[in-house]
Colleague: 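Please read through the structure below; I'll follow up with questions.
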Number of protein chains: 2
Amino acid sequence: MNKKITLKELAVISNFSVSTISKALSGNREISEETRKKIIAIAKLYNYRPNAAARSLKSQKTKTIGVIIPNILTHYFAKVLVGIEHEASKKGYNIITCISDESYKKEVKSMEMLASGSVDGFLISLSKETQTKGNYDHITSVINNGLPVLMFDRTSNKIHCDKVIINDFDAAYNATKVLLHSSCRIVIFISPISDTNVGLERANGYTQAITDFFNGTVAPLIYNFTDYSQAREDIENILSKKKVDGIITSDELSAIFSMNIAISKGFKIPGDISIIGFTDGILSRNSNPPLTIVNQNETELGKISAANLIKRIENNSKESYTTQIIETNIIYRKSINATIEI
Amino acid sequence: MNKKITLKELAVISNFSVSTISKALSGNREISEETRKKIIAIAKLYNYRPNAAARSLKSQKTKTIGVIIPNILTHYFAKVLVGIEHEASKKGYNIITCISDESYKKEVKSMEMLASGSVDGFLISLSKETQTKGNYDHITSVINNGLPVLMFDRTSNKIHCDKVIINDFDAAYNATKVLLHSSCRIVIFISPISDTNVGLERANGYTQAITDFFNGTVAPLIYNFTDYSQAREDIENILSKKKVDGIITSDELSAIFSMNIAISKGFKIPGDISIIGFTDGILSRNSNPPLTIVNQNETELGKISAANLIKRIENNSKESYTTQIIETNIIYRKSINATIEI
DNA sequence: CTGAAAGCGCTAACAA
DNA sequence: TTGTTAGCGCTTTCAG
């Protein structure tokens, strides 16, 4: 039961003063080589580790960052989180993860809880409810308190801070074009995230692609949903009534979901219907057929988000905020007919 | 730029002393109702929040727990993490998540980093490398320092602490029986986690079931792997050479993976081959056909783990350690022939 | 009922 | 080169 040892105790043991030990351990050159070595030896012997709370209190730095994400079961966020964790850990930071569960209230509560000295900054992707409400006071208030915030993926231009995103409009535009160029003529856009800026932008990109391709003679076809069992019915209906031959979804799961419905209705993929989704996750790689998707470089996005936030924390710079766009690309698998570069 | 306000500043503003304010805010009955109300009003006005670091330093409690998990992309761990986060958050705790990436070194580093005053306790599932090495000094050392540790899923009986697990042997035994009773005769066990206690126990359960069922006349058939591209080759070979008609895997992904290989080789699922896996994840629910699996009640397991750890933290009890077994059950879907209760 | 003061463990300015 | 001391923001004993 070798309880935590403190500097003071070490001082008694070693016959040096507390400050000498502190300096020696932090590599301060004021201390002679000789005593430094002695002190380090003793510290190691007693397995001394400076107390994090005391250090935070003194330095006003916690070396931890708060991560607020809507959920963690969606592969997209899980991959982003991996990127964040790796980068943070590499830079000596810990991450406190809060899952908002798409709830405004929980998001606010988490931020307030962490804003009082638990973290040096925030990485956040807004919950659906927050985006619907449009109330961002909890975030601006944190920023005004001097805590850096970086938003990724689900952002808002009502908030001035660093951001890391992809170009959702272009990505959806290009993905839709891929379907059209592989000779799909009735392409539907399916989305479970229509209440996020990300979902909206993707819908817009899709719409624009349809408009451009058909010179405005064909109306876009968009199906938004929130409830999966309702969606099953609806999508079955849509597939049997409209002669859909192309599906683009704003995420990964609903693409797989739609594909399974299509298959169960007897459609061949990609013979009868081509499908393309978002996020290079475990689902799309392991579906049958494997899903063609828009790769958002999720892990990379997480890494860059963490790196940028840490940069801001450590430089405490008044440099103007940046919005970094992560490149996307389409990974061609078997759920569409051909591999066409557009 | 309304910077964080401190107790001291509040004292100046309100003309009360620091200690009076502290007491009033903490609901201490020493303070008169009247001044308490005044103080609370002012505190709210200035949006006062006690500094977490200072509080931790004073109380020696951080109200956060460290979670060390091997990875986060496997649905099993993601679901456990959700359970942990929910329970912790409900009880007013934050979680610091470290991903060991199956690496001993990172696991050790993370624990050491957090053990010095950052957390009140640990929730940990061992990395593969740690289990292979069999070196648990980093864990016992933390326990000896007086920090509670609770292990879940991947545990070791070399370590004395609270645990939350499932009965891996029984679960695999029963799952194998299900295949045998649905008339499979050549059942293979496929595992990417043979280097964990969990994987071993499941293999043992499978072996016992085979032995029991065939009275020892049939040898168990086990395929362990770590590399998926190698596994693809091997499994293709196995399927074409042996007349396998049943597959049980120790996880979710390799079940889906095997199923896809089987399908691509022209086998019908479940007509020719029945498959059963572990973990009720997003993959198994959305595969085609949907996968029959052993439901480990992952989220529940996470909740109970967190709850038990917090109980230990707060009671600082010397009660003897407990090992709690989470119930499992089989969720029947379309990847096996029949629904047989055994 | 309210306030003064000590002290949690550490860092760093200042003294010696 | 080493030591003394103040103080980070809070809680809590003890005095008033």
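Chain naming here is simple, since letters A, B, ... match the order of the sequence lines and numbering starts at 1 in each.
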Colleague: Identify which nucleotide among D:dC10, C:dG3, C:dC10 has an atom closest to any side-chain atom of B:R55, counting heavy atoms from C-beta outward.
Modeller: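 Nearest nucleotide to the side chain: D:dC10.
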Colleague: Kindly give the heavy-atom pair with the smallest separation between A:I84 and A:L123, and that separation in Å.
Modeller: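 Looking at all heavy atoms of both residues, the closest pair is CG2-CD2, 3.7 Å.
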Colleague: Are A:Y93 and A:D120 close enough that a side-chain donor and a side-chain acceptor fall under 3.5 Å?
Modeller: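 Checked: A:Y93/A:D120 side chains show no N/O donor-acceptor pair below 3.5 Å.
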Colleague: What is the separation between atom CG on A:L25 and atom P on D:dG3, rounded to the nearest whole Å?
Modeller: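 It is 14 Å, rounded to the nearest whole Å.
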Colleague: Mapping A:K8 and B:T20 onto DNA chain C by nearest heavy atom, which one lands closer to the 5' end?
Modeller: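 Comparing both residues, the 5'-ward one is B:T20.
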Colleague: Would you mind reading off the distance between B:L7 atom CG and D:dC8 atom P, rounded to a whole angstrom?
Modeller: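 Going from B:L7 (CG) to D:dC8 (P), I get 12 Å.
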Colleague: How do B:N28 and B:Y48 order along DNA chain D: which one's closest nucleotide is nearer the 5' end?
Modeller: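 So the residue in question is B:Y48.
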Colleague: In this structure, how many angstroms lie between the P atom of D:dT12 and the CD1 atom of B:I21, rounded?
Modeller: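 For the pair B:I21 CD1 and D:dT12 P, the rounded distance is 16 Å.
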Colleague: Looking at the side chain of A:T6, which of D:dT2, C:dA4, C:dC10 is the nearest nucleotide?
Modeller: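 Of the options given, the side chain of A:T6 lies nearest C:dC10.
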Colleague: Using whole Å, report how far CG of A:L57 lies from C1' of D:dA6.
Modeller: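 Result: 13 Å.
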Colleague: Of the candidate nucleotides D:dC10, D:dC8, D:dG3, which contains the atom at the shortest distance from the side chain of A:K58?
Modeller: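 Taking heavy atoms from C-beta onward, the closest nucleotide is D:dC8.
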Colleague: Within the distance-only criterion (no hydrogens, no angle test), does the side chain of A:R312 pair as donor or acceptor with the backbone N or O of A:E319 below 3.5 angstrom?
Modeller: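 Looks like yes, one N/O pair under 3.5 Å.
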Colleague: Are B:E112 and B:K109 ion-paired here, with the side-chain N under 4.0 Å from a carboxylate O?
Modeller: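 B:K109 and B:E112: not salt-bridged.
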Colleague: Counting only N and O atoms by type, is there a donor-acceptor contact under 3.5 Å from the side chain of B:E85 to the main-chain atoms of B:I95?
Modeller: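 Side chain of B:E85 to backbone of B:I95: no pair is present.
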Colleague: Could you check B:S59 against B:R36 and say which one's nearest nucleotide on DNA chain C is further toward the 5' end?
Modeller: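 Comparing both residues, the 5'-ward one is B:R36.
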Colleague: Determine the contact category for A:T35: base if any of its heavy atoms lies under 4.0 Å from a base atom, sugar-phosphate if only primed atoms, P, OP1 or OP2 are that close, otherwise nothing.
Modeller: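 Since only primed, P, OP1 and OP2 atoms lie under 4.0 Å of A:T35, the category is sugar-phosphate.
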Colleague: Nearest to the side chain of A:N51, heavy atoms from C-beta on, is which of C:dA4, D:dG9, C:dC10?
Modeller: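 It is C:dC10.
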Colleague: Main chain of A:T130, side chain of A:S127: is a donor-acceptor contact present, judged purely on distance under 3.5 Å?
Modeller: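 Side chain of A:S127 to backbone of A:T130: a pair is present.
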Colleague: Phosphate oxygens OP1/OP2 of C:dC10: is one of them under 4.0 Å from a side-chain N or O of A:S56?
Modeller: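 Looking at the OP1 and OP2 atoms of C:dC10, neither is under 4.0 Å from any side-chain N or O of A:S56.
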Colleague: Under a 4.0 Å threshold between the charged nitrogen and the carboxylate oxygen, would A:K303 count as salt-bridged to A:E300?
Modeller: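 Looking at A:E300 and A:K303, the cut-off is not met.
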Colleague: Taking any heavy-atom pair under 4.0 Å as a contact, classify A:S22: base, sugar-phosphate, or nothing.
Modeller: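 Counting heavy atoms under 4.0 Å across all strands, the contact made by A:S22 includes a base.
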Colleague: How close or far is atom P of D:dT1 from atom CZ of A:R29, stated in whole angstroms?
Modeller: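 After rounding, the reported distance stands at 10 Å.
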Colleague: Taking N or O atoms only and anything under 3.5 Å, show me the protein contacts with nucleotides 14-16 of chain D, one pair per line.
Modeller:
none

Colleague: Determine, for A:E129 against A:K106, whether the closest basic-nitrogen to carboxylate-oxygen distance falls under 4.0 angstrom.
Modeller: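 No salt bridge links A:E129 with A:K106.
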Colleague: Respond yes when some side-chain nitrogen or oxygen of B:Q60 is under 4.0 Å from OP1 or OP2 of C:dG9, and no when none is.
Modeller: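 Answer yes for this pair, as a side-chain N or O of B:Q60 is under 4.0 Å from OP1 or OP2.
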Colleague: Side chain of A:S19 only, please: which of C:dA12, D:dG9, C:dC10 is the nearest?
Modeller: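 That would be C:dA12.
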Colleague: Expressed as a whole number of angstroms, how long is the span from A:I39:CD1 to D:dT2:C1'?
Modeller: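 Interatomic distance, CD1 of A:I39 to C1' of D:dT2: 9 Å.
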Colleague: In this structure, how many angstroms lie between the P atom of C:dT11 and the CD1 atom of A:I31, rounded?
Modeller: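 After rounding, the gap between these two atoms is 13 Å.
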Colleague: Report the distance from atom CG of A:L10 to atom P of C:dG9, rounded to the nearest whole Å.
Modeller: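 Taking atom P of C:dG9 as the reference, CG of A:L10 is at 13 Å.
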